[in-house]
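First the structure, in the form of structure tokens, and then the observations on it.
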Amino acid sequence: MSLGYRIRDVAVEPGLALAPMEGVTDLTFRRLIRSIGGCGLVHTEFIPARNLKLSIRQALDLAMFDADEHPIAIQIYGNDPEVMAEGARIVSDLGADILDLNMGCPSKKVCQRSGGSALMKEPDLSRRIVAAMRAATPLPFTVKMRAGWDPDHRNAPEIARMCEEEGAEGLAVHWRTRTDLYGGVRELDTIRRVKASVSIPVIANGDIVDAVSALQTLEATGADGLMIGRGAMRDPWVFRQIQAALHGRPPVVVDALERKRVLLGYLEAIRPNFRDDRGVLGRFKKIARHFTDGVEGGARLRDGILHSQSLEEAVESVEAFFAEPGEVAVRAS
Ligand SMILES: Cc1cc2nc3c(=O)[nH]c(=O)nc-3n(C[C@H](O)[C@H](O)[C@H](O)COP(=O)(O)O)c2cc1C
């Protein structure tokens, strides 16, 4: 089976997207995913529209992408329709393929200002934001949301219809509600109801970490595509694994040397992004925590890396763990 969808004229093939992740999906991480392959669309992390409007360097840096990094979606957030419209215009000027609105962020800081998932509690404000962004740019436009605010208010289908009415051209839906944060009981029916409520592509998101969880999610939701976040840190080959399963091909075999090469290559690549080793080590730990999850004996590697006081120690842990050549088993979900 081949999986693909179109956000108006932007073909996402395969229909597997890298989710936006703050402090993760920067240029370096997206390059890593691209070098491995199998991913049809990447997202930047969420960028405050206000900071884009104010030309704040950090926000503009987050919106940077490689000349051959297409298709790419730039995600923005905020709660003021006019500022969001300005953000949309800037994203369009930057040459992104898709403009994406964040309606899913659960963080207090963002929600307190009615941004992110708090928008799901404020349908009128959400409508004004979507409409203002739509009017501001001809760019293909998507919205990423959660299933609702809490398990008693899974209103994603209504919000989805509103987004479609106001001109959104694709929706990514994370099965969790705001109050689930990153826990909660897996519930895919709301995504299925969103799919039944709109005629634009619906992309399912949440806990897709391998071929098994990908196929289950597709079957339960009928979604047009899948979006993967933490699963891509856990196993950057996950996109290729899912593709292999969709096409009935055997799983991709990744040996210890290749895993080591990718992990240490990432460490080298992030060095210039930080002022000092502390910053590099912090970011490396963030990714490595997930990279070691599910790997046979990965707890040992994770502990080694997380307890490292220096980059040298972290590298030593990686070298020691992957010293034995051969295949490294990644547990199924
Ligand atoms: C570290 C981290 C940062 C995230 N940052 C964003 C973000 O900037 N924008 C957004 O829409 N979602 C963000 N998310 C949510 C993910 O895009 C995704 O919806 C969520 O992690 C569920 O998918 P997963 O189970 O595949 O990780 C973030 C998640 C994580 C773990």
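Atoms within each ligand, like the ligands themselves, are counted from 1 in listed order.
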*Looking at atom 26 (O) of ligand 1, what's its closest protein heavy atom, distance included?*
G229 N, 2.8 Å

*asked:* Just checking R278: does its CZ atom have more than 12 heavy atoms from other residues, nucleotides or ligands closer to it than 6.0 angstrom?
replied: no

*Determine whether the side chain, the backbone, both or neither of H174 has a heavy atom under 4.0 Å from any heavy atom of ligand 1.*
side chain

*Flag if over 12 foreign heavy atoms under 6.0 Å of CZ, R50*: no

*What atoms of ligand 1 come within less than 4.0 Å of a heavy atom belonging to A19?*
17 (O)

*Could you say whether the N/O atoms of F46 and ligand 1 ever approach to under 3.5 Å?*
yes

*Roughly how far, to the nearest 0.5 Å, is the CZ atom of R161 from the CD1 atom of I200?*
11.5 Å

*asked:* A cation-pi test, strictly: NZ or CZ of R259 under 6.0 Å from the centre of the six-membered ring of F291 and no more than 45 degrees from its axis. Yes or no?
replied: yes

*Would you check whether C105 reaches within less than 4.0 Å of ligand 1, judged by its heavy atoms?*
no

*Please say whether more than 12 non-hydrogen atoms of neighbouring residues, nucleotides or ligands are located less than 6.0 Å from NZ in K53.*
no

*asked:* Looking at R134 and E169, is any side-chain nitrogen of the basic one under 4.0 Å from a carboxylate oxygen of the acidic one?
replied: yes

_Check whether Y266 forms a cation-pi arrangement with R30 (NZ or CZ under 6.0 Å from the six-membered ring centre, at most 45° off the ring normal)._
no

*Atoms of ligand 1, numbered as shown, that sit under 4.0 Å from any heavy atom of R230*: 21 (O), 24 (P), 25 (O), 26 (O), 27 (O), 31 (C)

*Q75 contact mode with ligand 1 (heavy-atom cut-off under 4.0 Å)*: side chain

*Do me a favour and list the nearest non-hydrogen protein atom to atom 13 (C) of ligand 1 with residue, atom name and distance?*
P20 O, 3.0 Å

*If you draw a 6.0 Å radius around CZ in R34, do more than 12 non-hydrogen atoms from other residues or ligands fall strictly inside?*
yes

_L139 side chain near V91 side chain, heavy-atom distance below 4.5 Å_ = yes

*Do any nitrogen or oxygen atoms of R176 come within less than 3.5 Å of a nitrogen or oxygen of ligand 1?*
no

*Checking salt bridge (charged side-chain N to carboxylate O under 4.0 Å, His left out) against R127, which of E122, E166, E164 comes through?*
E166

*K144 contact mode with ligand 1 (heavy-atom cut-off under 4.0 Å)*: side chain

*What atoms of ligand 1 come within less than 4.0 Å of a heavy atom belonging to G206?*
23 (O), 25 (O)

*Shortest protein contact, atom 18 (C) of ligand 1 (heavy atom only)*: N205 OD1, 3.3 Å

*asked:* Yes or no: does Y182 have any heavy atom under 4.0 Å from an atom of ligand 1?
replied: yes

*Considering only non-hydrogen protein atoms, determine which one is nearest to atom 1 (C) of ligand 1 and report residue, atom name and distance to 0.1 Å.*
E22 O, 3.9 Å

*N102 neighbourhood, listing ligand 1 atoms whose heavy-atom distance to it stays under 4.0 Å*: 9 (N), 10 (C), 11 (O)

_Polar proximity ligand 1 side, D207 side, N/O cut 3.5 Å exclusive_ = yes

*Mark yes when over 12 heavy atoms from residues, nucleotides or ligands other than E319 sit less than 6.0 Å from its CD; otherwise mark no.*
yes

*Please determine if M233 has a nitrogen or oxygen closer than 3.5 Å to a nitrogen or oxygen of ligand 1.*
no

*Is there any N or O on I228 that sits under 3.5 Å from an N or O of ligand 1?*
no

